[in-house]
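Below is one structure, written out as structure tokens; the observations come after it.
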Amino acid sequence: MPSLRRLMAVAVPMAMAAAPAMANGGTPHSQWDHLWGHVLLDLVVIGVVFGLGALWMMFRYRAKSPDDVGTGPKLTKAQAIGWALLPAAIFMADDFFLAAKGWSLFTVYRSAPADAMEIKVTGYQWYWEFDYGNGVVTQELKVPVGKPVVLRMTSPDVIHSFGLAEYRVKEDLMPGRVSWLWFVADKPGKTVATCTMYCGLAHSKMYSDVVAVPASEFHAWMESKVRQARATTDSSRG
Amino acid sequence: MRSLVLASLLVVLATAEAWAEYGRVPFSEVDTGLFRVEEAKFLGVKPDPATPLRDETGAPTTLGAYGGGKPVILVLSYYNCDGTCSVVNADLAAQLAQVEQWRLGADYSVLTVSFNAEEGPETLAKFRKTLDLPKGAPEGWRFALAGNSTDARRLADSVGFKYFWSAQDRAFLHPGLYVFLSPQGRVVRFLYSTNTEPRDVELALTDALGDQIRPAQILNFALSLCYSYSFKDGRYKLNLPMFFGFASLGVGVILFIISVAVYRRRIHRPNGRPKGEDLPCQACAD
Amino acid sequence: MSDFKLTEWIFTTDHKRVGILYLIGSLAAFGVAGCAAVYIRLNQLSPSGGLFSDPQNYNIALYFHGAAMILAFLIPGLTGFFANYLVPLMIGARDVAFPRINAFSVWLFFAAIVLALISLMVSDGPDVMWTGYPPYSVTTVGNTAFYVFTVHLLGFSSILGAVNFLVTILYMRAKGMGFNQMNIFVWTVLGAFVLQLIFIPVLASAVTMLLFDKYLGTHFFDPTGGGDVLLYQNLFWFYSHPAVYVILLPAMGVLFEVISTMAKNRVFNYKACVYGGVFGLILLSGEVWVHHLYVAGMPNWLRTGQMVTTLLISVPVGLMVISLWGTLYRAAITYNVAMHYACACLFLLLVGGLTGIPLAMTVLDLHLGETAFIHAHFHFVMALFATFSIFSGIYFWFPKMTGRVADSKPALIGFWLNFVGVTMTFTPLFIIGMQGMPRRYATYEQFPQFEPYHQMATLGAMVVVVGMLLTFYSWINGAIRGPKAAENHWRSKSLEWTHAPSPPGPGNFPGQDPEVAKEWTPYDYAR
């Protein structure tokens with residue numbers, strides 16, 4: 001239900017404007033919430049069955065006298081094999097079911113829409129830097145609502161990890177490799193990107209605001225930033 | 001003799017410095033480091049697929065039209081070049097001939113692009129004739145011309161390729177650079193013609209394939225794990241930790257076999273259990 | 001106590017004394033690492049850093065807590081103390097195959113503990129977490145060498161132990177004892193030592209290369225010089241994921257012994273538990289390490305493949321769980337402190353195991369990875385489950401070791417405080433983990449909304465402190481003044497209770513070597 005409400009809250013035209021990957025099932029992070037709901041249900045059912053089973057047996061099979069002994073069944077060969085294969089089959093069925101579900105969403109996570117906007121992220125000890133590729137470099141990530149954003153990430157010093165809890169994404173950055181992730185903001189708002197891989201003294205202070213704004217506002221902001229960037233390079237050239 | 005060499009070297013260095021001071025173009029021989037790509041900045045970059053190019057007949061096309069879902073080795077050259085360009089391309093051709101894991105045309109393609117917008121199909125054809133291309137070249141190795149000089153500059157800039165006209169040499173100065181593009185057209189690896197071997201090309205192609213490795217090619221991927229790219233050297237080196245890791249796993253397995261099998265043999269000796277003979281005394285000592 | 005001679009204990013080669021030395025050392029490590037945990041929790045009282053707010057000390061405490069709990073408490077507690085004390089008794093041997101090597105390995109263990117404690121006292125102590133990932137562990141001013149040498153000593157000690165116990169279990173069983181008549185605990189120890197023996201050398205070589213990179217300027221893990229930063233993580237988890245089963249297996253084994261004895265019942269489907277559960281875990285444990293690297297930029301197909309193998313771990317664990325639950329079916333349970341801890345273990349295992357399922361799914365891990373959710377998950381399934389299992393075992397075999405009983409009112413109150421306290425500590429961490437609270441944070445000023453959860457967790461930790469003090473008191477008091485125990489105090493059918501006195505003397509079994517009948521099992525209460 002929460003995922004449905006979230007979908008309704010999304011301005012419909014914005015969602016339509018976004019990539020085909022979102023066409024079925026909404027944004028990746030709303031699909032994530034949906035899958036999480038399923039998995040949680042799966043776990044709670046197993047947990048309640050086993051938990052109540054254990055509690056009931058702990059209560060029901062208390063010894064009546066000090067000399068009381070258990071009368072647990074001695075399994076025949078067929079029963080023993082059955083009690084191994086049947087649970088194994090059930091567990092495996094659940095495993096493969098979950099694996100298939102997880103895999104289909106994982107492919108959404110790992111195939112960025114072609115029209116995505118690209119931003120280069122560099123993680124330093126201990127701050128983030130966002131490079132929009134047109135001379136604009138910021139310490140705060142600003143993205144337009146409804147437009148998929150691909151982050152290409154690397155680090156010059158140690159391993160960091162770019163965690164954006166609001167959009168259910170996370171990927172490590174490390175020297176010598178370029179990693180990437182993508183997300184799409186479905187409504188305007190401010191959230192925070194944190195470093196989630198231990199990187200030293202100020203690890204927990206390594207965070208940046210991530211602001212999603214309507215597309216028009218984003219373009220206006222970007223233009224002013226580009227002008228600013230040009231002015232600085234011109235003046236530095238003298 | 002030694003002092004003579006030293007002296008001449010000093011003169012060269014001094015003149016190079018003097019030239020640099022007056023904003024003159026330096027010798028390419030002196031400043032090869034100038035042409036090195038800042039790899040951290042350009043890896044993962046995707047050159048604009050809409051970059052206008054002209055194909056072998058001079059008809060307009062785009063960068064994105066080449067590749068076709070396969071890795072591309074992008075070589076920026078110019079066809080009037082009387083020196084390095086043909087060497088850079090010929091070197092690559094010689095190395096590709098020795099690459100066995102991946103087949104030119106079927107698994108990947110090569111695209112030579114001229115960054116000199118003033119050239120036309122005739123120079124291209126002439127240049128091509130001088131090259132001794134490997135098998136599969138017609139469909140696997142394509143040649144293209146720059147759309148115009150701004151687009152050429154933009155393409156070169158987007159992959160970190162530096163070149164400039166040297167009035168003194170009456171030639172373009174540029175590095176011999178192979179840019180490996182992924183099937184999605186992203187820069188995955190840079191190799192330099194000066195120190196590249198067939199194995200490097202092979203490994204760079206494996207890297208470029210990335211996630212598109214098919215199950216049948218898993219062995220190629222496994223072999224590529226034996227090497228890793230050294231940014232300092234601009235080429236692949238043996239991945240020693242991988243070997244140490246496997247060697248130590250081997251040590252573990254051997255230890256396991258020793259403790260399970262060797263004592264099995266000892267136990268069957270007439271005297272019975274291994275070390276069993278001194279057991280009771282061990283226990284009595286306490 | 002009058003005939004106590006310190007030198008006898010230091011130079012002992014008796015497996016029981018070696019075991020007790022392991023117990024003392026690992027409980028000491030547990031105490032110090034527990035203090036580090038309290039320090040960590042106090043640091044989280046407020047978003048800006050609680051009572052202490054020195055991130056350097058916080059990071060060192062995190063390192064020490066993790067490394068000491070896993071390497072110096074859980075592994076030596078289970079494969080050092082329990083295995084040493086119980087395996088020869090359970091299989092009817094008079095000692096282990098190589099008593100002197102056994103003594104040597106306990107000394108190595110103590111050397112490692114001393115080294116670990118020194119690392120707390122030097123300036124620039126190691127701050128690399130128990131994982132020691134480069135490049136941070138190479139570039140930090142912290143003293144990574146202490147970490148490496150501690151791992152070396154413990155690794156060497158474990159390898160010696162492993163060789164010793166494999167030979168002992170395979171070749172020194174009592175006359176007539178077939179493999180299907182061994183205690184489940186012995187099977188789990190066998191499994192744990194197979195994993196230790198095969199995988200520890202990989203960890204040892206990985207940390208050695210780390211040492212070379214930091215102090216000798218090599219480039220094993222440095223990409224500028226042709227190294228690969230990710231390779232260390234692969235090598236590390238190639239050992240350290242199996243290490244999780246090195247802990248889980250004997251902890252399960254202890255539970256089987258306690259529960260079957262206190263429930264006076266046979267183990268349900270023994271063969272499925274051993275050949276499906278223990279063997280399955282050994283086979284799968286080496287193919288799942290990438291789930292620790294789900295967010296580390298590994299190739300997509302590798303992440304997907306290992307998601308499947310990781311999910312399949314639920315099959316062997318599930319078979320063991322069914323045997324464990326089945327042992328309660330139609331049982332005759334008597335409750336004592338050991339059984340309380342064992343029953344609590346069932347719930348800790350359930351919570352910890354089930355929360356592992358979403359973490360096995362790559363895509364869910366992309367959000368949950370490296371958050372407090374993971375932190376809570378592995379504390380439930382590894383830290384709490386195994387610790388409660390160790391405590392259960394200590395109360396259960398206390399009469400065997402000392403001839404006295406440690407069950408008492410403080411012990412029972414201690415149990416309830418521990419159980420309630422750990423639940424209070426780690427349940428809030430699940431909740432804030434789902435909302436994105438990262439692990440290993442000294443401060444959390446960007447997440448002020450999580451403050452009440454952290455305070456709840458810290459309060460839980462304080463409850464555990466009281467519980468632990470009562471527990472330790474009950475052991476010390478029990479050893480000195482506890483009521484005398486009967487020879488076979490819990491009326492078990494296992495060899496260590498039926499054939500050996502409490503406590504067993506040198507050579508374990510008075511008179512003849514024990515022999516078992518063809519139909520004998522350690523669990524035949526029904527007859």
Side-chain angles (χ1 to χ4, degrees), chain A residues 32 35-36 39 43 46-47 50-51 53-54 57-58 61-64 68-75 80 83-84 87-88 91-92 95 98-99 102-103 105-106 109-110 157-159 161 163 165 168-172 174-177 179 192 194 196-205 207, chain C residues 55-56 129 133 135-136 139-140 223 229-230 263-266 268-269 271-272 276 295-297 300 304 307-308 311-312 314-315 318-319 322 325 327-334 343 346-347 350 354 357-358 361-364 366-367 369-371 435-436 438 440-444 446 525-526:
Chain A
W32 191 98
L35 177 61
W36 172 242
V39 173
L43 303 188
I46 303 175
F50 275 85
M57 289 190 292
M58 283 172 195
Y61 297 118
R62 285 166 301 164
K64 312 231 163 25
D68 205 2
V69 293
T71 53
K74 192 174 166 83
L75 301 182
W83 270 103
F91 289 136
M92 275 164 90
D95 289 342
L98 291 175
W103 178 72
L105 182 54
F106 183 64
Y109 262 71
R110 298 311 292 172
D157 39 49
V158 302
I159 303 176
S161 186
R168 312 285 188 259
V169 287
K170 179 176 293 126
E171 196 82 18
D172 287 0
M174 65 203 81
R177 283 175 184 240
S179 51
V192 64
T194 52
T196 52
M197 172 61 83
Y198 174 71
C199 61
L201 208 58
H203 166 53
S204 54
K205 300 221 188 298
Y207 61 93
Chain C
Q56 185 65 20
M129 303 297 124
Y133 283 178
Y136 183 73
T139 58
T140 177
V229 280
L230 266 189
K264 296 282 176 291
N265 210 358
R266 66 162 56 88
F268 181 79
N269 214 354
K271 283 185 183 166
V295 297
N300 294 338
T304 306
M307 166 174 73
V308 177
L311 281 167
L312 284 177
S314 70
V315 174
L319 288 176
I322 285 185
W325 260 246
T327 307
L328 289 175
Y329 180 62
R330 281 168 42 188
I333 308 168
T334 35
C343 288
L346 300 186
F347 295 101
L350 210 50
L354 289 173
I357 292 176
M361 297 171 67
T362 318
V363 72
L364 294 183
L366 291 183
H367 170 52
E370 297 294 332
T371 64
Q435 297 169 34
R440 294 170 172 167
Y441 263 30
T443 59
Y444 49 102
Q446 63 272 53
Y525 294 97

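Each chain gets a letter, A, B and so on, in the order its sequence line appears, and its residues count up from 1.
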(message) Report which part of Ala296(C) has an atom under 4.5 Å of a heavy atom belonging to chain A: side chain, backbone, both, or neither.
(response) both
(message) Looking only at heavy atoms and a cut-off of under 4.5 Å, which of Ala263(C), Gly297(C), Gly436(C) has the most pairs with chain A?
(response) Gly297(C)
(request) For chain C, find which of Trp32(A), Tyr109(A), Phe91(A) contributes the most heavy-atom pairs closer than 4.5 angstrom. (result) Trp32(A)
(message) Tell me which of these, Thr362(C), Asn300(C), Ile322(C), has more heavy-atom pairs under 4.5 Å with chain A than the rest.
(response) Asn300(C)
(message) Taking every non-hydrogen pair under 4.5 Å, which of Ala165(A), Cys199(A), Ser204(A) racks up the most with chain C?
(response) Ser204(A)
(message) Would the distance check show the side chain of Lys170(A) and the main-chain N or O of His367(C) forming a donor-acceptor pair, the cut-off being under 3.5 Å?
(response) yes
(message) Let's test your reading of the structure: which of Asp157(A), Thr71(A), Leu98(A) forms the most heavy-atom pairs below 4.5 Å with chain C?
(response) Thr71(A)
(request) Specify the closest pair of heavy atoms between Ala84(A) and Ala272(C), including all atoms of both residues, with the distance to one decimal. (result) CB-CB, 3.7 Å
(request) Flag the one option from Lys64(A), Glu171(A), Met92(A) with the top tally of heavy-atom pairs under 4.5 Å to chain C. (result) Glu171(A)
(request) Working to the nearest 0.5 Å, report the span between OH of Tyr441(C) and OG1 of Thr196(A). (result) 7.0 Å
(request) For residues Ala63(A) and Thr334(C), report the shortest heavy-atom separation together with the two atoms involved. (result) CB-CG2, 3.9 Å
(message) For the interface with chain A, which of Gln435(C), Met129(C), Lys271(C), Arg266(C) has the highest count of heavy-atom pairs at distances below 4.5 Å?
(response) Arg266(C)
(message) Quick check: closest heavy atoms across Tyr207(A) and Gln446(C), and the distance to 0.1 Å?
(response) CD2-NE2, 3.2 Å
(message) Under a 4.5 Å cutoff for heavy-atom pairs, which residue among Gly53(A), Gly176(A), Ala99(A) has the most contacts with chain C?
(response) Ala99(A)
(message) Among Leu364(C), Leu328(C), Val229(C), Leu319(C), which residue has the highest count of heavy-atom pairs closer than 4.5 Å to chain A?
(response) Leu364(C)
(message) Working to the nearest 0.5 angstrom, can you tell me the gap between His203(A) NE2 and Thr443(C) OG1?
(response) 9.5 Å
(request) For chain A, find which of Arg440(C), Arg330(C), Met307(C) contributes the most heavy-atom pairs closer than 4.5 angstrom. (result) Arg330(C)
(request) Search all heavy atoms of Arg177(A) against all heavy atoms of Leu230(C) and return the closest pair with its distance. (result) NH1-CD1, 3.5 Å
(request) Please name the pair of heavy atoms, one in Pro358(C) and one in Leu43(A), separated by the smallest distance, quoted to 0.1 Å. (result) CD-CD1, 3.6 Å
(request) Give a yes or no on whether Trp83(A) atom CH2 has more than 12 heavy-atom contacts from other residues, nucleotides or ligands under 6.0 Å away. (result) no
(request) Can you tell which part of Pro135(C) gets under 4.5 Å to a heavy atom of chain A, answering side chain, backbone, both or neither? (result) both
(request) Kindly indicate whether the side chain of Val169(A), heavy atoms from C-beta on, has any atom under 4.5 Å from the side chain of Leu366(C). (result) no
(request) Against chain C, label Leu75(A) side chain, backbone, both or neither, depending on which of its atoms sit under 4.5 Å from a heavy atom there. (result) side chain
(request) Report the option among Tyr444(C), Phe347(C), Tyr133(C) that has the most heavy-atom pairs separated by less than 4.5 Å from atoms of chain A. (result) Phe347(C)
(request) Count the heavy atoms of every other residue, nucleotide or ligand shown that sit under 6.0 Å from CH2 of Trp103(A), and state whether that count exceeds 12. (result) no
(message) If I measure from the heavy atoms of chain A, does Leu346(C) come under 4.5 Å with its side chain, its backbone, both, or neither?
(response) side chain
(request) Grab the two heavy atoms, one from Leu350(C) and one from Phe50(A), that are nearest each other, plus how far apart they are. (result) CD1-CB, 3.7 Å
(message) To the nearest 0.5 Å, what is the distance between CG on Leu35(A) and CE on Met361(C)?
(response) 4.5 Å
(request) Examine whether an atom of Met174(A) lies under 4.5 Å from a heavy atom of chain C, and if so say whether it belongs to the side chain, the backbone or both; otherwise answer neither. (result) side chain
